[in-house]
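Start at 1 and go down the list; that is how both ligands and their atoms are numbered. Note that the coordinates shown come from a computational prediction; the quantities given were computed from them, not determined experimentally.
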Amino acid sequence: HSTILEPFAPALTVADLSFSYPDRTSVLEQISFELQANERIGVLGPNGAGKTTLFKIICGLLCPTQGEVKLFNQPVETGSFRSDLGFVFQNPDDQLFSASVWEDIAFGPQNMGLPPDEVDRCVAAALALTGTQSLTQRLPHHLSGGEKRMVAIATVVAMNPRLIIYDEPSANLDLRARRRLIQYLQDSEETIMVASHDLEMILEVCDRILLIDHGHIVADGHPPEIMQQRSLMEAHGLEVPYSLAGRIEAKRHL
Ligand code: ADP
């Protein structure tokens with residue numbers, strides 16, 4: 001039955017989730033939401049809101065104090081690797097450590113125990129999707145910021161996850177690299193969660209926003225509808241640039 005029902009299961013279910021660090025700092029308080037397959041959700045909130053803690057729980061790096069998290073209907077078990085989930089770190093240098101781009105991208109599929117021809121196929125697909133084919137023999141640490149970002153994404157895409165979490169993906173990118181990233185995210189076919197302060201990118205890429213503050217979900221909805229509520233955004237430490245007003249208005253009427 002599970003194979004029949006699975007395509008309709010939510011990509012992510014977070015139910016009544018609370019988390020406190022050992023020093024008893026309460027960071028998430030009874031958070032519940034579902035993410036449907038193919039949704040593209042932007043996670044917004046001021047520093048300290050609890051976004052990173054939430055991602056660490058989804059990735060199985062931290063164990064909830066209360067509640068449950070499921071990925072594609074399977075409970076997340078703390079400490080176990082899930083090949084259906086990918087995580088793109090804020091700093092690409094945390095994701096790149098090999099002597100060549102090819103080796104970095106091949107690392108994940110190799111670790112999954114795939115045979116060499118299958119590894120080659122996964123690497124080729126990830127290179128093509130991220131437009132990094134010309135970089136395969138380069139030393140990752142010699143790449144530009146924009147190139148590193150796309151290679152870091154390729155290392156995750158090569159494992160063919162169904163849900164990818166991006167932590168501040170446009171941080172430290174120049175204008176051209178940022179445009180390229182936005183285009184990539186718009187074209188990507190996975191379910192995605194994007195934590196960012198870059199409201200323009202969220203507006204262009206996401207079809208839903210989850211606004212988190214002090215460990216609570218304070219808004220959940222369509223990006224232009226939430227962004228046009230300037231006082232709501234400002235109450236949670238987010239300033240909507242006036243230059244975005246036209247795009248927000250246009251998107252509201254799409
Ligand atoms: P965000 O990613 O939204 O900036 P975090 O999840 O990193 O928020 O942090 C949420 C809160 O948890 C902050 O108040 C932070 O100081 C606290 N915190 C983060 N890591 C720890 C830790 N290891 N021990 C205790 N408190 C922590």
Side-chain angles (χ1 to χ4, degrees), residues 11-35 39-71 76-80 82 85-95 145 149 152-153 156 161 163-173 178 181 185 191-203 205-206 208-221 223 226-227 229-241:
L12 174 67
T13 308
V14 173
D16 199 25
L17 174 69
S18 298
F19 182 82
S20 302
Y21 281 103
D23 67 359
R24 294 170 183 263
T25 314
S26 170
V27 178
L28 300 173
E29 292 179 45
Q30 296 183 300
I31 284 197
S32 296
F33 67 95
E34 272 190 356
L35 184 59
E39 262 192 307
R40 313 159 71 77
I41 198 164
V43 182
L44 303 183
N47 291 332
K51 304 178 296 289
T52 307
T53 304
L54 173 65
F55 293 156
K56 284 183 176 169
I57 294 170
I58 296 170
C59 292
L61 295 171
L62 288 175
C63 184
T65 312
Q66 180 195 313
E68 192 179 37
V69 178
K70 287 183 188 170
L71 280 169
V76 169
E77 284 167 32
T78 311
S80 70
R82 290 285 295 255
L85 176 70
F87 194 95
V88 177
F89 294 108
Q90 180 167 352
N91 182 354
D93 288 326
D94 292 339
Q95 213 137 16
R149 172 65 65 202
I153 293 173
V156 171
L163 169 62
I164 300 185
I165 297 177
Y166 292 88
D167 193 4
E168 295 285 355
S170 61
N172 303 317
L173 294 188
R178 181 170 162 280
L181 170 77
L185 292 173
T191 308
I192 59 175
M193 281 184 100
V194 188
S196 182
H197 290 94
D198 180 344
L199 297 184
E200 185 185 4
M201 176 183 67
I202 296 288
L203 184 67
V205 168
C206 296
R208 182 174 161 199
I209 281 177
L210 208 58
L211 176 53
I212 296 180
D213 200 1
H214 289 103
H216 294 274
I217 295 173
V218 291
D220 178 353
I226 291 185
M227 287 188 195
Q229 297 176 59
R230 213 164 254 287
S231 53
L232 169 78
M233 297 288 280
E234 279 171 13
H236 299 290
L238 297 156
E239 192 172 339
V240 185

Open item on the list: Please classify the Leu54 to ligand 1 contact at 4.0 Å (heavy-atom distances, strictly less than): side chain, backbone, both or neither.
Closed with: neither
TODO: Taking only heavy atoms of Val27 into account, list the atoms of ligand 1 that are under 4.0 Å away from them.
DONE: 10 (C), 11 (C), 12 (O)
- [ ] May I ask which of Pro22, Gly48, Ser20 has a heavy atom nearer to atom 4 (O) of ligand 1 than the others do?
- [x] Gly48
- [ ] Would you please determine whether Gly45 falls within less than 4.0 Å of ligand 1 on a heavy-atom basis?
- [x] no
- [ ] For ligand 1, note which part of Thr53 has a heavy atom under 4.0 Å away: side chain, backbone, both or neither.
- [x] both
Task: Option with minimal heavy-atom separation from atom 3 (O) of ligand 1, where the choices are Lys56, Glu168, Arg24, Lys51 - done: Lys51
- [ ] For atom 8 (O) of ligand 1, find the nearest protein heavy atom and state the residue, atom name and distance (0.1 Å precision).
- [x] Gly50 N, 3.1 Å
Task: Heavy atoms from other residues, nucleotides or ligands near CD of Glu77 exceed 12 (cutoff 6.0 Å) - done: no
Open item on the list: Is the shortest side-chain heavy-atom distance between Leu28 and Ser18 below 4.5 Å?
Closed with: no
Open item on the list: In the complex you have, is atom 15 (C) of ligand 1 within reach of the protein, judged by whether a heavy-atom distance drops under 4.0 Å?
Closed with: no
Task: Heteroatom distance test (Thr25, ligand 1): nitrogen or oxygen, under 3.5 angstrom - done: no
Open item on the list: Show, in sequence, the C-alpha distance, side-chain angles and deciding distance for Ser26 and Tyr21, and conclude whether the side chain to side chain donor-acceptor pair (under 3.5 Å) test is met.
Closed with: CA-CA 7 Å; Ser26 170; Tyr21 281 103; over 6 Å; no
- [ ] Report yes if the side chains of Pro46 and Asp213 come closer than 4.5 Å at any heavy-atom pair, otherwise no.
- [x] yes
Task: Numbering as shown, the atoms of ligand 1 that approach Pro46 to under 4.0 Å (heavy-atom distance) - done: 3 (O)
Open item on the list: Nearest 0.5 Å, please: how far is CD1 in Ile192 from CG in Leu163?
Closed with: 9.5 Å
- [ ] State the atoms of ligand 1, each with its element, that fall below the 4.0 Å cut-off from a heavy-atom position in Thr52.
- [x] 1 (P), 2 (O), 6 (O), 7 (O)
Open item on the list: With a 4.5 Å cut-off on side-chain heavy atoms, are Met201 and Leu181 touching?
Closed with: yes
Open item on the list: I'd like to know if Arg178 pairs up with Asp198 as an ion pair, taking the criterion as any Lys NZ or Arg NE/NH1/NH2 lying under 4.0 Å from an Asp or Glu carboxylate oxygen.
Closed with: yes
Task: Any N or O of Asn47 closer than 3.5 Å to N or O of ligand 1 - done: no
- [ ] For Ala49, take its heavy atoms, then give the atoms of ligand 1 lying under 4.0 Å from any of them.
- [x] 1 (P), 3 (O), 8 (O)
TODO: Under the side-chain contact (heavy atoms from CB on, under 4.5 Å) rule, what do Phe19 and Leu54 come out as? Steps first, then yes or no, please.
DONE: CA-CA 9 Å; Phe19 182 82; Leu54 173 65; over 6 Å; no
Open item on the list: Using side-chain heavy atoms (C-beta onward) and a distance below 4.5 Å, is Asp220 in contact with Ile209?
Closed with: no
Task: Protein heavy atom at shortest distance from atom 18 (N) of ligand 1 - done: Tyr21 CE1, 3.4 Å
